[in-house]
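In what follows, a single structure is set out as structure tokens and then discussed.
Both ligands and their constituent atoms are indexed starting at 1 by order of listing.
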Amino acid sequence: ADHVDTSNVTEVSDWACKRGATLTHCNEKFTEALELLQNHAELRNEASDYSRALAFRRASCVLKSLPFALTDVQQLIGYKDIGEHVRKVLADILDYGSSPEVEEIRNSEWFHKMKLFTNVFGVGPAIAKSWIDKGWQSIADVRLAGSINKDWRISWGLAFYEDLLTPVTMQEAEAFETLIRTEMKKISPLSIVTVTGGFRRGKSNGHDIDILMTHPDEGAETNILSKLMGALNKCDLVLKGYFTQNTFSSEMLSDDSKKGLRSHFDHFEKWIGICKFPKSFQTDRKLQSVRDSSETLPESAQQLSHYSRTIQHQDVLPSEHVNISADNTMSPCSKHTFKTDDKQKSLTLKRERTEMLEDSSPKSKRFKYEDLSEKEVISLANSDRNWTARRVDLIVSPYSQYYYALVGWTGSKHFNRDIRLYAQKVLGLRLTSHGLFDMKKGEALPASSEEEVFRHLQLPYRDPMERNC
Ligand code: ATP
Ligand code: MN
Ligand code: MN
């Protein structure tokens with residue numbers, strides 16, 4: 001075109017988190033191509049690939065937020081995230097219907113195998129490459145090789161490859177959420193359970209289900225996860241996973257290393273693993289049928305009495321344990337500096353957490369399938385079964401950090417990356433799933449809603465549906 005209307009260009013922000021992006025938009029054929037290039041760079045995983053991957057993603061996000069379907073690359077003049085390389089790819093798609101670079105990757109055997117292998121739970125680009133180097137072509141080849149590593153995730157990931165590759169549906173997510181809510185109500189009536197991740201952003205399926213939990217009494221959240229897992233195991237829904245303890249501490253505010261608040265990993269207590277989803281999750285949202293079917297599954301009487309004992313032992317109303325001082329604990333992230341008092345408090349809390357964990361240990365003995373050998377895992381996968389293996393992430397946040405945790409665990413991954421960089425570059429603040437921190441003052445900015453998180457960041461509020469960057 002000779003004349004292209006670029007009047008809307010200046011209105012668009014440089015920041016994806018400011019613009020927002022919905023799941024559907026009018027430039028999908030372009031964003032699909034750019035995200036394939038991003039994916040390819042991530043899988044190559046060599047020195048400069050991280051920034052290349054990021055550049056493709058940023059460009060893709062610009063296209064997602066365009067209010068019109070791209071018809072001419074001139075329409076992108078002025079957008080800082082559109083570089084030469086991207087412009088060429090887009091021009092090719094506009095001119096010839098596809099980009100030779102993209103199609104070559106799409107058809108390449110290497111890319112195909114890397115995607116195949118990195119789809120195994122616990123396998124990243126490095127392991128996938130080593131499998132290709134061994135000459136393996138398929139999952140069947142890897143399975144034939146037998147025991148190849150000590151990481152349980154890979155053994156389970158290989159055994160349940162087909163299950164885990166089949167997307168989790170919204171119905172399954174809702175059924176599981178209902179189940180978790182019901183169990184949590186019994187454990188701790190005031191607890192709050194929220195499905196986060198892609199489902200909260202409106203996706204109709206996902207590779208896993210992410211559930212964030214908290215309790216309005218600060219400190220009462222510390223023992224709910226181990227109780228919940230005990231309850232799920234009693235229903236015979238737990239296959240295999242691992243706990244991590246809450247390792248967040250105020251000392252991190254003065255720690256500038258990668259291990260501290262800089263890491264994109266958070267420090268919450270969580271359980272990451274694989275659960276059994278009865279087939280009835282697909283069709284029936286009513287909890288009762290799930291519980292009925294789990295009742296019929298064999299469970300030793302000894303095991304059951306062990307559980308009722310454990311649960312009775314731990315079943316103390318959280319509010320009896322926690323002092324709710326007017327100025328502090330009940331208001332989320334009450335404005336405070338992370339200095340002596342809080343340091344002491346955080347140490348006490350941490351000790352209590354550790355004691356609690358030791359008290360219910362050894363965790364690994366608690367779950368029915370925890371100690372299966374690789375062979376037993378394979379025969380479990382090959383057995384006649386009325387359930388599907390599903391990846392589950394369960395995260396526990398103290399209430400004072402909850403709304404930041406909610407933003408962090410809602411994502412998208414790129415939305416997080418962008419909003420955190422924005423906080424750093426524009427406001428000089430550090431944003432993580434634990435809070436928004438002024439590192440110079442050693443201060444945390446409290447938030448009692450997601451809206452407040454956005455207000456602190458001086459950003460327009462974005463609904464989860466608009467965080468699909
Ligand atoms: P999918 O539908 O494929 O599961 P998703 O958006 O839910 O997509 P996840 O990998 O499940 O992706 O992650 C959900 C959100 O939680 C992401 O936004 C990610 O940034 C965040 N997240 C995932 N793992 C961690 C972690 N270990 N520490 C901190 N945040 C994490
Ligand atoms: Mn997810
Ligand atoms: Mn997840």
- [ ] Number the atoms of ligand 1 from 1 as they appear, then name those within less than 4.0 Å of a heavy atom of F265, with their elements.
- [x] 26 (C), 27 (N), 28 (N)
- [ ] Look only at the side chain of D438 and the backbone of K441, and say whether a donor-acceptor pair between them is shorter than 3.5 Å.
- [x] yes
Open item on the list: So if I count the atoms of ligand 1 from 1 in the order they appear, which ones are less than 4.0 Å from some heavy atom of K203?
Closed with: 1 (P), 2 (O), 3 (O), 8 (O)
Open item on the list: Taking 4.0 angstrom as the limit and counting only heavy atoms of G198, give me the atoms of ligand 1 inside it, by number and element.
Closed with: 5 (P), 6 (O), 7 (O)
Open item on the list: Is R201 close enough to touch ligand 1? Criterion: a residue heavy atom under 4.0 Å from a ligand atom.
Closed with: yes
TODO: Check D210 and report its N/O/S atom nearest to the Mn ion (ligand 2), by atom name.
DONE: OD2
TODO: Provide, to 0.1 Å, the distance between atom 25 (C) of ligand 1 and the closest protein heavy atom, together with that atom's residue and name.
DONE: W409 CH2, 3.4 Å
TODO: Find all atoms of ligand 1 within a distance of less than 4.0 Å from any non-hydrogen atom belonging to K413, and give their numbers and elements.
DONE: 10 (O), 18 (O), 20 (O)
Open item on the list: With carbon and hydrogen excluded and only N/O/S kept, which atom of D208 is nearest the Mn ion (ligand 2)?
Closed with: OD1
TODO: May I ask you to decide if the ring planes of F367 and F243 are parallel, tilted or perpendicular, using 30° and 60° as cut-offs?
DONE: parallel
- [ ] Measure the spacing between SG of C61 and OH of Y79 and express it to the nearest 0.5 Å.
- [x] 13.0 Å
Open item on the list: Among all the protein's non-hydrogen atoms, which is closest to atom 21 (C) of ligand 1, and how far away is it?
Closed with: G408 O, 3.7 Å
Task: Location of contacts on D266 toward ligand 1, heavy atoms closer than 4.0 Å - done: both
TODO: Would you mind telling me if ligand 1 is within reach of the side chain of D208, the backbone, both or neither, using heavy atoms under 4.0 Å?
DONE: both
- [ ] Can you confirm whether something in the protein, heavy atoms only, sits under 4.0 Å from atom 12 (O) of ligand 1?
- [x] no
Open item on the list: Can you name the atoms of ligand 1, numbered from 1 with element, that are less than 4.0 Å from a heavy atom of N416?
Closed with: 18 (O), 20 (O)
Open item on the list: Tell me whether E46 at atom CD has more than 12 heavy atoms from other residues, nucleotides or ligands lying less than 6.0 Å away.
Closed with: yes
TODO: Identify, by atom number and element, the atoms of ligand 1 in contact range of D210, meaning under 4.0 Å from any of its heavy atoms.
DONE: 7 (O), 11 (O), 14 (C)
TODO: With heavy atoms only and a cut-off of under 4.0 Å, state how S433 meets ligand 1: side chain, backbone, both or neither.
DONE: neither
- [ ] Give a yes or no on whether the backbone of P167 and the side-chain of N205 come within a donor-acceptor separation of less than 3.5 Å.
- [x] no
Open item on the list: Can you classify the ring geometry of F121 versus W152 as parallel (below 30°), tilted (30 to 60°) or perpendicular (above 60°)?
Closed with: perpendicular
Task: Neighbour count >12 (heavy atoms, 6.0 Å) for atom NE2, H112 - done: no
Task: Of the N, O or S atoms in D393, the one nearest the Mn ion (ligand 3) - done: OD2
TODO: Give the single entry among R420, R417, H207 that approaches atom 1 (P) of ligand 1 most closely by any heavy atom.
DONE: H207
Task: Distance from atom 18 (O) of ligand 1 to nearest protein heavy atom, with residue and atom - done: G411 CA, 2.9 Å
- [ ] Go through the steps to decide whether L436 and L431 satisfy the test side chain to side chain contact (heavy atoms under 4.5 Å, CB included), and finish with yes or no.
- [x] CA-CA 4 Å; L436 183 59; L431 174 69; 3.9 Å; yes
Open item on the list: Parallel, tilted or perpendicular, judged at 30° and 60°: which one describes the rings of W387 and F160?
Closed with: tilted
Open item on the list: Counting only heavy atoms not in K425 (residues, nucleotides, ligands), do more than 12 fall under 6.0 Å from its NZ?
Closed with: no
- [ ] Hey, can you tell me if H40 and W110 have their rings parallel, tilted or perpendicular (30° and 60° cut-offs)?
- [x] perpendicular
